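The chains referred to below are lettered A, B, ... by the order of the sequence lines, with proteins before strands, and numbering in each begins at 1. Just so we're clear, the structure is a prediction, and the values are computed from it rather than from any experiment.
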Amino acid sequence: MEPKLPYDKTSPKSILSYAQNLQDKSLVDVLGPEIVQTYKGKGKLGQLLEELYFQYKPNSNSEPDFKEARVELKTSPIKKISKGFVSKERLVFNIINYLEEHKEQFRTSSFWKKNHLLLLMFYLYEQETIDLKYVFKIIRLWQFPATDLKIIKDDWEAIIKKIRDGKAHEISEGDTLYLGACTKGADHNSLRPQPFSDERAMQRAFSLKSKYLNYIIEKSLLKEELVIDYEEYDKILGENIVSEPSSYLRVNFGDAEPVVKTIYDYKRGETFEELINRKFAPYFGLSEVEIFDKLAIADTHSKSKFFLLSREIIKAILGVTKNKIEEFEKADIEMKTIRLEAKGSLKESMSFAQIKFKEIIHEEWENSYWYSTLTKRFFFVVFQKDHDCYILKRVLFWTMPPGDLKIAKDFWLDTKAKIESDDYNHFIKISDNRICHVRPKGANSKDVMETPTGRLEKKKCYWLNSSYIRQVVS
DNA sequence: GCATGATCATGC
DNA sequence: GCATGATCATGC
């Protein structure tokens, strides 16, 4: 006889309402302080929740945690910043089995079977606290809105295509928009075989990007309910699914005023990136003045006018009004404009954020600003000089290849070491030809920042060399 | 002509 | 108020 559970394990709503008893509380608050003695140091929060609170043993990998209700339990840390709460890290799903996953379609994939309905429990991370004392701030069921599911399915297919092409070792988180393939394993020696190449690939897991989680967190705190358009689900998942026995569970959300986001007018088989490309096309060949005119907005004298203009084009083609473009935010896409000379060369290198002297010395490469920036998906808008104006030539999405990332890592290690030894005069220069370089970036030459040793130094920032960008866009 | 240092409009 | 996304200016 199984013990009687305090919830109905076949019902997502019952599981949710039991979980919600933890709202603004920790496991210790609910189960009593004596659990600290017994369970301190025994497993991570997710595992402790399963065993102590939901009272089940973690089950087989291929099924959701609550298999009868088909609900997968996920815990994830959030942190407080001045503007509210944001995700602390990406949400990691199941490990990608390179040898098996490629045999499936999205609908039958390990990712979708396990993760189509999530019970998300966000807790407030505090450095000095043990897992049992973390306080849960957001507890909710989550299904992906159809417009996001479309992108997630394309992401899954992009990852699978790399496996099928024998390039599992070249997968990067920047390859995809919402669903990433993040590295997973104690160290980089966790190499796994792949089916179509002898090269062993780093172990990876499906994951949701931190910026996507911010979107879930924001919607949840605003109590904004999303209504899932299940007709679109059917179109995305497969044409005959309506007549098939339901292979996934549909859950209606709460009673709040629904927000339905209509899905973009994709052409058959088109990805989000292809859609952006197609919608940009009518602007190709136009000068900056013509585009300002076409969009009926005033020209500016800002040094970032091509950036501002590009953003306005995206807003126009997607029919949105906010400067923060939802898909670009959630996918953490880095938009950059590139101005080519008439002959195709680049006059300027590409600048990034200031180097925070006091922070970089505490960073490791894989949690550094420079690593997280260079592993993003980039969106380049390319203009080219034509007599006295610039013409919009084309747009492209891009991710830095792994080999170049290694060069950038050496550059970053060098920069960090120089700052640690209080040397601000011998950073890697553009003429060193190492893909990136360091150069000043401040309001003027008197704009300074404190160093770890307590001195003041001119503000500097990271740059990608113009020669490197030229090679990327040509 | 290019490398390097200096600076600017915008918007969060 | 200041970081961002950039471009401008100068000197070798």
Between the side chains of [Y] and [X], is the shortest nitrogen-to-carboxylate-oxygen separation below 4.0 Å, so that they form an ion pair?
| X | Y | result |
| --- | --- | --- |
| A:Glu326 | A:Lys330 | yes |
| A:Asp414 | A:Arg434 | no |
| A:Arg377 | A:Glu273 | yes |

[X] vs [N]: side-chain N/O to OP1/OP2 distance below 4.0 Å:
| X | N | result |
| --- | --- | --- |
| A:Ser351 | C:dT7 | no |
| A:Lys458 | B:dA6 | yes |
| A:Lys305 | C:dA6 | no |
| A:Ser431 | B:dC2 | no |

Legend entry - N/O donor-acceptor pair, side chain A:Lys441 with base C:dG5, under 3.5 angstrom: yes
Inset, instruction - Spell out yes or no: do the side chain of A:Ser304 and the base of B:dA9 have one donor N/O and one acceptor N/O closer than 3.5 Å? - result: no
Choosing from [options], which nucleotide comes nearest the side chain of [X]?
| X | options | value |
| --- | --- | --- |
| A:Thr337 | B:dG5, C:dA6, B:dA9 | C:dA6 |
| A:Asn323 | C:dA6, B:dC12, B:dT7 | B:dC12 |
| A:Ala353 | B:dA3, C:dC8, C:dT4 | C:dT4 |
| A:Glu348 | B:dT10, C:dA3, C:dT7 | C:dT7 |

Legend entry - Aromatic ring proximity, centroids under 6.0 angstrom, A:Tyr123 and A:Tyr125: no
Legend entry - Pair A:Phe144 + A:Tyr178: ring centers closer than 6.0 Å: no
Can you measure [X] atom [atom1] to [N] atom [atom2] for me and round it to whole angstrom units?
| X | N | atom1 | atom2 | answer |
| --- | --- | --- | --- | --- |
| A:Lys429 | C:dC12 | NZ | P | 14 Å |
| A:Leu464 | C:dT7 | CG | C1' | 17 Å |
| A:Lys336 | C:dG5 | NZ | P | 5 Å |
| A:Tyr369 | C:dG5 | OH | P | 7 Å |
| A:Tyr424 | B:dG5 | OH | C1' | 18 Å |
| A:Phe352 | C:dT4 | CZ | P | 12 Å |
| A:Arg339 | C:dA6 | CZ | C1' | 9 Å |
| A:Lys356 | C:dA3 | NZ | P | 7 Å |

Legend entry - 5′-ward residue of the pair A:Trp463/A:Arg311 relative to DNA chain B: A:Trp463
Inset, instruction - On DNA chain B, check which nucleotide each of A:His437 and A:Gly442 is closest to and give me the residue with the more 5' one. - result: A:His437
